[in-house]
Amino acid sequence: DRELNQMPAGVMTFSYQGGQHDDTYNAWPEVPPVGGIHNNIWQNCGFYDKPINSGTAVHSLEHGAVWITYRPDLPADQVEILKKIAEDNSYVLVSPFEGLPSPVVVTSWNHQLRLDSAQDSRLKQFVRFFLGKRLDPSYTPEPGAACSGGTDATV
């Protein structure tokens, strides 16, 4: 179980600052975005079967959430795995995302991991590791901020 408390292999790291709000911004270089400018309102954590606004999702990342995105054609049994992770963790967002570089991409503020499958053991390792850092200001620009009371809107 020790490995679940370590950052999984293959995680890419970025260096965005928090606190930059612009409801019209949509020019993130990463797919999906990992941080930077974002909407004033955040996305409520949970499972979504339709795409969500990247700007509201990035705001949730700023609050310490983990955002799991998946290609719309991901097999249903794999989507169910992702849905269960969202149901079991209050700071997890799950949503489909067009044009992903891999079938599943898991993101926290300034960190991202591309996966070929929802069954990859690094998915749960990433979720556990970064949710464990949710209150750590070196990983989360707004530690302790909510992942509810925002918006449930889809695009």
Side-chain angles (χ1 to χ4, degrees), residues 1-21 23 28 30-71 74 78-97 100 102-115 117-155:
D1 224 38
R2 199 192 79 212
E3 73 190 25
L4 285 172
N5 295 314
Q6 296 175 343
M7 190 182 306
V11 173
M12 297 176 285
T13 302
F14 304 85
S15 59
Y16 289 102
Q17 300 301 308
Q20 301 171 308
H21 298 114
D23 289 340
W28 299 277
E30 298 84 26
V31 177
V34 300
I37 300 168
H38 54 272
N39 287 47
N40 285 285
I41 195 161
W42 57 90
Q43 191 76 30
N44 291 330
C45 284
F47 176 81
Y48 294 86
D49 59 6
K50 294 182 177 67
I52 58 176
N53 181 298
S54 290
T56 56
V58 172
H59 196 149
S60 297
L61 297 178
E62 185 182 45
H63 288 188
V66 170
W67 184 19
I68 304 170
T69 50
Y70 62 92
R71 288 182 181 161
L74 192 72
Q78 292 194 46
V79 175
E80 281 303 310
I81 292 169
L82 303 181
K83 185 175 185 180
K84 179 152 181 30
I85 293 171
E87 290 169 350
D88 291 349
N89 296 280
S90 60
Y91 271 74
V92 171
L93 279 169
V94 174
S95 67
F97 197 104
L100 288 178
S102 63
V104 176
V105 180
V106 59
T107 306
S108 69
W109 186 268
N110 281 334
H111 298 90
Q112 190 168 81
L113 178 62
R114 297 174 179 177
L115 303 167
S117 161
Q119 285 127 335
D120 189 316
S121 63
R122 294 177 299 160
L123 174 60
K124 288 182 178 170
Q125 186 181 354
F126 185 104
V127 170
R128 179 178 288 188
F129 180 83
F130 286 102
L131 290 183
K133 302 295 185 188
R134 188 172 65 74
L135 300 176
D136 182 339
S138 61
Y139 285 86
T140 302
E142 294 183 6
C147 203
S148 58
T151 182
D152 286 319
T154 57
V155 294

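Throughout, residue positions are numbered sequentially from 1 according to the sequence presented.
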**Q** How long is the straight-line distance from CZ of Phe126 back to OG of Ser121, given to the nearest 0.5 Å?
**A**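 Interatomic distance, Ser121 OG to Phe126 CZ, rounded to 0.5 Å: 14.0 Å.
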**Q** Which residues satisfy the side-chain contact (heavy atoms from CB on, under 4.5 Å) test with Pro51, sequence neighbours excluded?
**A**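 Testing Pro51 for side-chain contact (heavy atoms from CB on, under 4.5 Å), a comparison that skips the adjacent residues, returns Pro96, Val155.
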**Q** Knowing that exactly one of Asn89, Val94, Leu93 qualifies, which makes a side-chain contact (heavy atoms from CB on, under 4.5 Å) with Ile68?
**A**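 In the set Asn89, Val94, Leu93, the residue that makes a side-chain contact (heavy atoms from CB on, under 4.5 Å) with Ile68 is Val94.
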**Q** Less than 3.5 Å apart, any donor N or O on the side chain of Asp152 or Tyr48 sitting next to an acceptor on the other?
**A**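 Yes, because at least one side-chain N or O of Asp152 sits under 3.5 Å from a partner of the opposite role on Tyr48.
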**Q** In chain order, what residues pass the ring pair (Phe, Tyr, Trp, His ring centres under 6.0 Å) check against Trp67, with sequence neighbours excluded?
**A**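 Result, ring pair (Phe, Tyr, Trp, His ring centres under 6.0 Å) vs Trp67: Phe97.
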**Q** Would you check if the side chain of Asn44 reaches a backbone N or O of Gly150 as a donor-acceptor pair within less than 3.5 Å?
**A**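 Confirmed, Asn44 side chain pairs with Gly150 backbone.
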**Q** First locate atom OG1 of Thr154, then atom CG of Asp49, and finally report the distance between them rounded to the nearest 0.5 Å.
**A**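 Atom-to-atom, Thr154:OG1 and Asp49:CG are 8.0 Å apart.
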**Q** Heavy atoms only: give me the nearest Leu135-Pro137 pair and the separation to one decimal.
**A**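 In terms of heavy atoms, the two residues are closest at O-CD, 3.4 Å.
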**Q** Return the set of residues passing side-chain contact (heavy atoms from CB on, under 4.5 Å) with Cys147 (not counting sequence neighbours), or none when no residue passes.
**A**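 side-chain contact (heavy atoms from CB on, under 4.5 Å) list for Cys147, sorted by chain: Cys45, Ser60, Ala65, Tyr91.
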**Q** For the pair Thr140 (side chain) and Glu142 (backbone), establish whether a donor and an acceptor sit closer than 3.5 Å, ignoring hydrogens and angles.
**A**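 Answer holds: no.
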**Q** What distance do Ile37 atom CD1 and Gln17 atom CD have between them, rounded to the nearest 0.5 Å?
**A**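 Answer rounded to 0.5 Å: 12.0 Å.
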**Q** So which atom in Leu100 and which in Pro32 form the shortest heavy-atom distance, rounded to 0.1 Å?
**A**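 Between these two residues, the closest heavy atoms are CD2-CD, 3.5 Å.
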**Q** What residue among Thr13, Thr107, Thr69 forms side chain to side chain donor-acceptor pair (under 3.5 Å) with Gln112?
**A**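 Looking at Thr13, Thr107, Thr69, the match for Gln112 under the side chain to side chain donor-acceptor pair (under 3.5 Å) is Thr107.
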**Q** For Glu62 and Tyr16, test the side chains for any donor-to-acceptor distance below 3.5 angstrom and give the result as yes or no.
**A**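 Distance-only check fails for Glu62 and Tyr16.
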**Q** Using atom types as modelled and distance alone, determine if a side-chain donor or acceptor of Gln125 lies under 3.5 Å from a backbone N or O of Asp120.
**A**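 Side chain of Gln125 to backbone of Asp120, a donor-acceptor pair under 3.5 Å: no, none is there.
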**Q** Going through the checks in order, is the side-chain contact (heavy atoms from CB on, under 4.5 Å) test met by Tyr139 and Ser108?
**A** CA-CA 9 Å; Tyr139 285 86; Ser108 69; over 6 Å; no
**Q** Is the backbone of Thr56 close enough, under 3.5 Å, to the side chain of His38 for a donor and an acceptor to pair up by distance?
**A**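 No; zero donor-acceptor contacts below 3.5 Å.
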**Q** Is there a donor-acceptor pair closer than 3.5 Å between any side-chain N or O of Trp42 and the backbone N or O of Ser148?
**A**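 Such a contact is found between Trp42 side chain and Ser148 backbone.
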**Q** Do Phe130 and His111 have ring centroids that are under 6.0 Å from one another?
**A**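 When the ring centroids of His111 and Phe130 are compared, they turn out to be within the sub-6.0 Å range.
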**Q** Looking at OG of Ser95 and NZ of Lys50, how far apart are the two atoms once the value is rounded to the nearest 0.5 Å?
**A**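 Between atom OG of Ser95 and atom NZ of Lys50 there are 12.5 Å.
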**Q** Using every non-hydrogen atom in the two residues, find where Pro143 and Asp136 come nearest and quote the distance to one decimal.
**A**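 Here Pro143 and Asp136 meet closest at CB-N, 4.4 Å.
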**Q** Would you say His59's side chain and Ala57's backbone share a donor-acceptor pair under 3.5 angstrom?
**A**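 No, His59 side chain to Ala57 backbone: no donor-acceptor pair under 3.5 Å.
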**Q** Please give me the minimum heavy-atom distance between Asp23 and Asn39, naming the atom from each residue.
**A**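 In this case the closest contact between Asp23 and Asn39 is OD1-CA, 3.2 Å.
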**Q** State the CE-CG distance between Met12 and Asn110, to the nearest 0.5 angstrom.
**A**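 If I round to the nearest 0.5 Å, the distance is 12.0 Å.
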**Q** Would you please test Val79 and Phe47 for side-chain contact (heavy atoms from CB on, under 4.5 Å) and show each step?
**A** CA-CA 10 Å; Val79 175; Phe47 176 81; 3.8 Å; yes
**Q** Evaluate the criterion side-chain contact (heavy atoms from CB on, under 4.5 Å) for residue pair Leu113 and Arg122; output intermediate values, then yes/no.
**A** CA-CA 9 Å; Leu113 178 62; Arg122 294 177 299 160; 3.7 Å; yes
**Q** About how many Å separate CD of Glu30 and OG of Ser54, when rounded to the nearest 0.5 Å?
**A**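 Those atoms lie 11.0 Å apart.
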**Q** Is the shortest heavy-atom distance from the side chain of Leu74 to the side chain of Leu82 under 4.5 Å?
**A**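 Side chain of Leu74 against side chain of Leu82, heavy atoms only: contact under 4.5 Å found.
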**Q** Give the minimum heavy-atom separation between Ser102 and Val105, together with the two atoms involved.
**A**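 Scanning both residues completely, I find the closest heavy atoms to be OG-CG2, 3.5 Å.
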**Q** Indicate the atoms forming the closest heavy-atom contact of Ile81 with Ala118, along with that distance.
**A**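 Nearest heavy atoms, Ile81 then Ala118: CG2-O, 3.8 Å.
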